[in-house]
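Have a look at the structure below, then the notes.
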Protein chains: 2
Amino acid sequence: MEEAPASSRHDLCQACAIRNQAICSDLDPREIGILNGIGRRRRLAAGEQLMWEGHEAVLVANVIEGILKLSSHSADGKEQILGLVYPSDFLGRPFGETSPYGVEALTDSHICVFERRDFERFAREHPRLEHKLLERTLGELDRTRRWMLLLGRMTAEQKLASFLIEMADRLGTSEADGSTTVLLPLSRQQIADILGLTVETVSRQLTQLRAKGIITLSSRREIRIDVIEELQTIAG
Amino acid sequence: MEEAPASSRHDLCQACAIRNQAICSDLDPREIGILNGIGRRRRLAAGEQLMWEGHEAVLVANVIEGILKLSSHSADGKEQILGLVYPSDFLGRPFGETSPYGVEALTDSHICVFERRDFERFAREHPRLEHKLLERTLGELDRTRRWMLLLGRMTAEQKLASFLIEMADRLGTSEADGSTTVLLPLSRQQIADILGLTVETVSRQLTQLRAKGIITLSSRREIRIDVIEELQTIAG
DNA sequence: CGTTCGTTTGAGCCAAGTCAATGTGTGTGG
DNA sequence: CCACACACATTGACTTGGCTCAAACGAACG
């Protein structure tokens, strides 16, 4: 694909946009060199599937650019999005045979992939990497558990408010007047699949928030949050 | 409390019931000795609180005996149980300042506690322990994500069926006739708090499953599952 | 034996789901 | 460039699963 010649390989990581945020950040130049040897870059188009629920987990990756979703389906076909993965996040299931979820790119993405086996071997030999991975996994577990509270105990309105706050936090650009604009990487259906709701309910709640003057729906995917404090009050 | 004299401390771990399942299982005798020095045993009565949501996380622990719950409260006071912790499971939030959930013993319990700082220092110096902890955390993350699907996309009936299957799996004793009996460590309210339902709905669903001849309610806390296949069909 | 706490049952209601129609971009081929 | 198709989004009408409120029941315990 876009393999660099062996001599310049070393530079791939050095020039990496997420060099200092990802789990590789603690490694010394020699270690980075080895990692470079077993990893490769890969591009994904929006909508492209990287892993399938229940299939063998052959690879893991670092996300360099783009947003991906982890999702799982109930017996009767309903989808539940289990999490979103952002740049510098780690992706995949090391030390496990099968992937418990499917992975799909929501936007055009750029990732740094490793054969799971290669990565595991490297990780076991480099405790600093495993430590980084552990910290990340613990953080991810906390975030996932917070999402359980949302799914189990919040009303549709509270769910939407919480979702918008999170998106503003992650992807928002603040304006001078205190408002924040978010360009959503998700369709209404996908928002519903995150919040455990239906498309119709998501749509209705958004129009209600608009009617209350809390948000402005600039275009399908673009939402401006005019009064974020109101959202925080609703979310609790 | 029940401190052993320094000379016999070493034996505490050797005699430990979960010696070969917990995260300490890979350590050599010397390492076990150090761990012994920084840990201590502690008993908890059913209902006793070990950690508080949002408070500083001062300790971590291994569960030797008993079952504990992790839970969190929404702004309007509703509780959501985020997970159950069983013997040989690890408990607490290493490498984090505050505990994102409360921890309470559901049954009389016996745990092996460490000051978080001490544990962290030891872990960083002993990669085999960190690796075990990583594997455990990854598994816990998978289990938590599976629960998200339940909370977001299942009906009350499916939730109950899934819950009973999980409990039978974890705590059930199989009879000769193919049935399984479970002694629940949870009240109806707590079951509701796990499944994101109300007590009334839990009660109604249980009576319905009984009416269908799938389960028998021997006593409040004791449930016999007569036809587990039926439950699996319902759960999907 | 009465009190208490957890559980079950009942009646009514409401939030969110379902089903169906309409609206709104966006891209495609004539 | 327009018209058509198609996918996504919104809105409306209706239904319903699970919640709320309230009462009755039952086991455990002083």
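Just so you know, these numbers use all the heavy atoms, side chains as well, and skip hydrogens, waters and symmetry mates. Quick note on labels: first sequence line is chain A, next is B, and so on, each numbered from 1. In this text, all values refer to a predicted model and were calculated from it rather than measured experimentally.
Where B/V199 and A/T198 meet DNA chain C, the nucleotide closest to each residue was compared, and B/V199 sits on the side nearer the 5' end. Each of B/R204 and A/R221 was assigned the nucleotide of DNA chain D with the nearest heavy atom; the assignment lying further toward the 5' end belongs to A/R221.
Here A/R188 reaches the OP1 or OP2 of D/dT10: one of its side-chain N or O atoms lies under 4.0 Å away. For the OP1/OP2 pair of D/dG18 and a distance below 4.0 Å, the side-chain nitrogens and oxygens of B/T201 include no atom meeting the criterion.
Side-chain N or O atoms of A/E166 include none that pairs as donor or acceptor with a backbone N or O of A/F163 at under 3.5 Å. Although no hydrogens or angles enter the test, the distance criterion places no donor-acceptor pair under 3.5 Å between the side chain of B/R220 and the main chain of B/S187.
Exactly one of B/D226, B/L160, B/L209 qualifies for a side chain to side chain contact (heavy atoms under 4.5 Å, CB included) with B/L231. That residue is B/L209.
Expressed to the nearest 0.5 Å, how far OG of A/S71 lies from CG of B/L149 amounts to 10.0 Å. In this structure, A/I225 CD1 and A/S174 OG are separated by 9.5 Å, a value rounded to the nearest 0.5 Å. To the nearest 0.5 Å, atoms CD1 (A/I81) and CG (A/L106) are separated by 6.5 Å. Rounding to the nearest 0.5 angstrom, the gap separating the CZ atom in A/R153 from the NE2 atom in B/H73 is 10.5 Å.
The separation between A/L186 atom CG and D/dC8 atom P is 13 Å, rounded to whole Å. The separation between B/E200 atom CD and D/dA24 atom P is 16 Å, rounded to whole Å. Atom pair A/L217:CG and D/dA9:P shows a separation of 11 Å (rounding to whole Å applied). In this structure, the CD atom of A/Q208 is 11 Å from the P atom of D/dT11, given to the nearest Å. Between A/Q190 atom CD and D/dA7 atom P the separation is 15 Å, expressed in whole Å.
Protein chain B contacts DNA chain C over a range whose 5' and 3' limits, counting nucleotides with an atom under 4.0 angstrom from a non-hydrogen atom, are C/dG6 to C/dA11.
Using a 4.0 Å heavy-atom distance criterion, B/S219 is classed as making no nucleic acid contact. Residue contacts shown for A/L197 are limited to sugar-phosphate atoms, with no base heavy atom under 4.0 Å away.
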For this session: May I have the step-by-step check of side chain to side chain contact (heavy atoms under 4.5 Å, CB included) for A/K69 and A/D193, ending in yes or no?
Result: CA-CA 11 Å; A/K69 68 167 196 193; A/D193 291 338; 5.8 Å; no
Problem set entry | Trace of the side chain to side chain contact (heavy atoms under 4.5 Å, CB included) decision for A/R221 with A/L183 | CA-CA 6 Å; A/R221 293 284 181 113; A/L183 189 62; 4.2 Å; yes
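Of the residues in residues 146-166 of chain A, none has a non-hydrogen atom less than 4.0 angstrom from any atom of DNA chain D.
No hydrogens or angles were tested; on distance alone, a donor-acceptor pair under 3.5 Å links the side chain of A/R220 to the base of D/dC8.
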